[in-house]
Amino acid sequence: MTVNISASGVSGSHMVPAALEEQLVDAEADSLPPPASPKFGSPAARLLFAISLVLIAFNLRPIFPSLSVVLPEVIRDTGLSTVGASLLTTLPVLCLGLFAPFAPGLAQRYGAERTLMGALALLAFGTALRGIDSVTLLFFGTFAAGAAIAVSNVLLPGVVKRDFPERAAIMTGLYTMALCAGSAAAAGLTLPIEHVLGSWSAALATWAAPAVVVLLLFIPQALRVKPQAAHTGFRVEGLWRDRLAWQVTLFTGLQSALAYCVFGWLAPMLRERGFEPTVAGGIVSLSVMVQVVTCLAVPSLAVRCKDQRGVNIALVLCATIGLVGMMFAPAWSVLFWAVMQGIGQGGLIAAAMIVIVLRSSDSHVAAHLSGMAQGVGYVLAAIGPLLLGLIRSWTGSFDAAVALIVVLGLGAGLAGAGAGRALHVGARTVRLENRKSRSR
């Protein structure tokens with residue numbers, strides 16, 4: 001038996017008042033009974049749990065830029081072709097799309113906290129494997145880390161939102177800053193670490209250390225939370241046939257393709273232009289750090305607008321023009337273009353998150369739309385760094401890749417214009433009745 005909960009087609013002109021605080025989507029919205037927040041024995045325990053979640057977020061991005069800044073050395077020492085390097089930079093992005101759909105089911109079976117604990121252990125293991133002098137283990141470690149990040153990407157925002165509802169805006173800000181800080185640290189510090197340790201593989205493996213530290217901190221907290229029996233109590237119908245849902249998905253995927261072109265190839269691009277390796281890494285780090293500003297500012301701006309079309313298009317222009325500027329503008333102006341690219345890309349990350357909520361009629365639709373946008377979007381995003389590397393292999397330089405950057409920007413702008421319309425996706429939530437719970 002099914003009971004209709006909500007219908008689609010509702011105008012989005014009346015924006016959700018708390019949209020800024022609601023931008024973190026709860027991947028466990030369909031679980032019955034709803035997952036309970038852990039019981040903290042003291043304010044100190046609650047603070048420790050909050051710190052742990054933020055530190056987990058810090059560890060979800062370093063594998064991307066850390067490889068990028070040493071990629072020329074990896075190619076030189078391993079004999080990896082440019083095509084092979086393209087596959088290596090693309091692999092973790094592809095994993096984000098392939099493994100994201102499994103996260104809600106794992107959380108229902110084992111609990112979100114224990115699933116995050118397992119994902120963090122896998123992330124540390126995979127990152128450490130990249131320190132072994134073996135191309136096979138480099139690929140396998142990258143694959144394992146990408147799968148772990150995919151699951152964490154889906155579950156962590158919902159845990160942050162569920163367990164700190166009265167501090168949702170602050171925790172959202174800290175979560176966002178931690179993501180950017182992890183990227184910036186990896187981009188700026190991996191090469192100096194390589195110089196100290198004398199090996200790019202050791203430098204890559206170093207990023208397992210913060211993951212291990214957080215894992216040791218988080219294990220007793222995760223094990224203290226007793227999993228509860230749960231089952232899927234809701235179904236969302238009509239989402240995959242809806243045009244607006246596909247526009248949101250394409251916007252998410254194409255803006256992510258631009259982001260992972262930066263993570264995967266910007267440092268090699270700058271080095272090919274003649275910048276010193278550490279300078280190239282520093283420029284990437286600067287661009288990522290700038291993302292924090294617009295990542296925090298854009299949601300507040302977006303929810304105050306009649307719709308988000310203008311915001312989305314402006315951000316795409318900044319990100320695309322900034323990247324092209326770093327590729328071709330005079331060397332003395334690269335910092336300016338790096339800042340512009342960071343402003344655009346950071347804003348796009350936030351815009352993609354907020355349109356998922358604003359285009360959804362309830363939390364269940366938001367969870368499924370987020371799953372669709374991540375599952376399909378990240379697979380689409382993987383095409384960006386893959387094609388960019390192939391173009392470099394075919395032509396012998398990155399110059400021709402400007403065509404790819406422009407096409408991705410144009411596609412993201414068109415999809416962002418559609419996704420920014422003040423409408424709800426055509427989907428409805430159905431509650432599933434008379435279904436037996438299954439234990440985790």
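Quick note: numbers below take in every heavy atom, side chains included, and nothing from hydrogens, waters or symmetry partners.
Counting heavy atoms from C-beta on, the side chains of Thr278 and His195 come closer than 4.5 Å. Contact of the Ile405 side chain with the Leu388 side chain is registered, since non-hydrogen atoms from C-beta on lie closer than 4.5 Å. Between Val225 and Arg114, every side-chain heavy-atom pair lies at or beyond the 4.5 Å cut-off. Contact annotation: the side chain of Thr232 approaches that of Gln108 to within less than 4.5 Å [non-hydrogen atoms, C-beta and beyond]. Val74 has its side chain within reach of Leu138: a pair of non-hydrogen atoms, C-beta onward, lies under 4.5 Å apart. Side-chain contact between Asp163 and Met171 is absent, with no heavy atoms from C-beta onward closer than 4.5 Å. Looking only at side-chain heavy atoms (C-beta outward), Trp246 and Arg241 stay at 4.5 Å or farther from each other.
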Checklist entry - Can Leu348 and Phe251 be said to form a side-chain contact (heavy atoms from CB on, under 4.5 Å), step by step? => result CA-CA 9 Å; Leu348 284 173; Phe251 177 54; 3.8 Å; yes
Next on the checklist: Quick one, Asp362 with Val365, criterion side-chain contact (heavy atoms from CB on, under 4.5 Å). Give me CA distance, side-chain angles, the key distance, then yes/no.
Outcome noted: CA-CA 5 Å; Asp362 61 48; Val365 173; 3.5 Å; yes
Next on the checklist: For a side-chain contact (heavy atoms from CB on, under 4.5 Å) check, start with the C-alpha distance between Leu380 and Ile383, then their side-chain angles and the critical distance, and finish with the verdict.
Outcome noted: CA-CA 6 Å; Leu380 177 63; Ile383 296 174; 3.9 Å; yes
Checklist entry - What's the verdict on side-chain contact (heavy atoms from CB on, under 4.5 Å) for Arg271 and Leu71, showing C-alpha distance, side-chain angles and the deciding distance? => result CA-CA 10 Å; Arg271 292 179 65 172; Leu71 195 56; over 6 Å; no
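Panel note: side chain Asn59, backbone Leu55; a donor-acceptor pair is recorded below 3.5 Å. In this structure, Asp307 contributes its side chain and Ala422 its backbone to no donor-acceptor pair below 3.5 Å. With hydrogens and angles ignored, the 3.5 Å screen pairs a side-chain donor or acceptor of Arg359 with a backbone N or O of Ala419. Using a distance-only test at 3.5 Å, with no hydrogens or angles considered, a donor-acceptor pair links the side chain of His364 to the main chain of Ala29. Asp26 contributes no side-chain N or O that, together with a main-chain N or O of Gly158, makes up a donor-acceptor pair within less than 3.5 Å.
Note that CG of Leu266 is 7.5 Å distant from CD1 of Ile283, once rounded to the nearest 0.5 Å. With rounding to the nearest 0.5 Å, the separation of CG in Leu156 from CG in Leu60 is 6.0 Å. Distance check, rounded to the nearest 0.5 Å: CG of Leu67 to CG of Leu88 gives 5.0 Å. One distance of note links CD1 of Ile349 with CG of Leu315; it measures 10.5 Å at 0.5 Å rounding. The CD1 atom of Ile56 sits 12.5 Å away from atom CD1 of Ile149, with the distance rounded to the nearest 0.5 Å. To the nearest 0.5 Å, the span separating CG on Leu53 from NZ on Lys161 amounts to 15.0 Å.
Here Ala222 pairs with Glu113, Met117, Phe218 under the side-chain contact (heavy atoms from CB on, under 4.5 Å) rule; sequence neighbours left out. Remark: Trp265 engages Phe398 in a ring pair (Phe, Tyr, Trp, His ring centres under 6.0 Å) (not counting sequence neighbours). Annotation: side chain to side chain donor-acceptor pair (under 3.5 Å) contacts of Trp337 (sequence neighbours excluded): Ser333. Considering only residues two or more places apart in sequence or on other chains, Ser86 meets the side chain to side chain donor-acceptor pair (under 3.5 Å) condition with none of them. Remark: Thr294 pairs with Val298, Ile343 by the side-chain contact (heavy atoms from CB on, under 4.5 Å) rule, at least two apart or across chains. Scanning for side-chain contact (heavy atoms from CB on, under 4.5 Å) contacts around Ser66 gives Arg130, Ala186, Thr190, Leu204, Trp207, with sequence neighbours left out. Residues passing the side-chain contact (heavy atoms from CB on, under 4.5 Å) test with Ala205: none are found, sequence neighbours excluded. Applying the side chain to side chain donor-acceptor pair (under 3.5 Å) rule to Arg224 yields no partners; only residues at least two apart in sequence or on another chain are considered.
Between Ala128 and Ala208, the shortest heavy-atom contact is N-CB, 3.7 Å. Leu98 and Pro101 make their closest contact through O-CD, 3.5 Å (heavy atoms, listed as atom of the first residue, atom of the second, distance). Contact record, Ser361 with Ala427: OG-O, 4.3 Å, taken as the closest heavy-atom pair. Across Ala119 and Ala148, no two heavy atoms sit closer than the pair O-CB, 3.1 Å. The shortest non-hydrogen separation linking Ala202 to Thr206 is O-OG1, 2.8 Å. Closest approach of Gly182 and Pro62 over heavy atoms only: O-CG, 3.6 Å.
Applying the side chain to side chain donor-acceptor pair (under 3.5 Å) test to pairs two or more places apart or on separate chains, those with a residue in residues 341-350 are Gln255-Gln345, Ser287-Gln341, Gln341-Gln345. Each ring-ring contact (aromatic ring centres under 6.0 Å, His included) pair with one or both residues in residues 132-177, not counting sequence neighbours, appears once here: Phe99-Phe143. For residues 42-62, every residue pair satisfying the salt bridge (Lys or Arg N to Asp or Glu O under 4.0 Å) rule, not counting sequence neighbours, is listed here: Arg46-Glu166. Pairs engaging residues 209-221 under the side chain to side chain donor-acceptor pair (under 3.5 Å) rule: Ser52-Gln221 [sequence neighbours left out].
Using a 3.5 Å distance cut-off with no hydrogens or angles, the side chains of Gln247 and Arg421 do pair a donor with an acceptor. If you check the side chains of Asp133 and Ser201, you find no donor sitting under 3.5 Å from an acceptor. Checking Ser199 against Glu194 by side-chain atom types alone, no donor-acceptor pair falls below 3.5 Å.
Atom CZ of Phe275 is surrounded by more than 12 heavy atoms from other residues, nucleotides or ligands within 6.0 Å.
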